[in-house]
Amino acid sequence: MKLVATVFEVEPENVAAFRAAVFTGAREMERRDPACRGVAIAEDPEAPGFFLTSALYADAAAAEGRDDSAAARAFEEAVRPYIKLRRVRLFDLG
């Protein structure tokens, strides 16, 4: 299993729009990307504008190919205007 963890930072004035876009995008990823086992989203209550998303994939190939799906492209289009910073990390869960 591979976990793709992404930290997003958005400007405070874009938090509500980003939040809506990221939740919609996550639901679509879960529905439309058969390789995606689930998505979790957390918002840091002490640091407005900081979000953590994590997506679970069955294997490394699925995790590494995640950006090729239609759902991933739609997600990227939806959140791109609000992103100030993005950090992506892949974790092997065995």
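Keep in mind the model is a prediction, meaning the values are calculated, not measured.
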Provide the closest heavy-atom pair for [X] versus [Y] in the form atom of the first, atom of the second, distance.
{"X": "Tyr82", "Y": "Val10", "answer": "O-CG1, 3.0 Å"}
{"X": "Ala21", "Y": "Ala78", "answer": "CB-O, 3.6 Å"}
{"X": "Ala26", "Y": "Phe75", "answer": "N-CD1, 4.2 Å"}
{"X": "Thr6", "Y": "Arg86", "answer": "CG2-CG, 3.5 Å"}
{"X": "Val39", "Y": "Glu30", "answer": "N-OE2, 2.7 Å"}
{"X": "Leu93", "Y": "Leu56", "answer": "CD1-CD1, 3.6 Å"}

Give me each pair satisfying salt bridge (charged side-chain N to carboxylate O under 4.0 Å, His left out) with a member in residues 33-47, each pair once, sequence neighbours excluded.
Arg19-Glu43

Distance in Å, Phe8 CZ paired with Asn14 CG, rounded so as to fall on 0.5 Å steps
13.5 Å

So, taking the atom named CD1 in Ile41 and the one named CZ in Arg27, what distance separates them when rounded to the nearest 0.5 Å?
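The CZ atom of Arg27 is 8.0 Å from CD1 of Ile41, to the nearest 0.5 Å.
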
Check whether Phe91 and Tyr57 end up in the same hydrophobic cluster, where Ile, Leu, Val, Met, Phe, Trp and Tyr are linked by side-chain heavy atoms less than 4.5 Å apart.
no

With a 4.5 Å cut-off on side-chain heavy-atom distances among I, L, V, M, F, W and Y, is there a chain of contacts connecting Val88 to Leu3?
no

Side-chain contact, heavy-atom cut-off 4.5 Å: Met1 with Asp59?
no

Transitive ILVMFWY cluster of Leu52, excluding itself - 4.5 Å side-chain cut-off:
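Hydrophobic cluster check, Leu52: joined to Val7, Phe50.
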
Check the surroundings of atom CZ in Arg80: do more than 12 heavy atoms from other residues, nucleotides or ligands lie under 6.0 Å from it?
yes

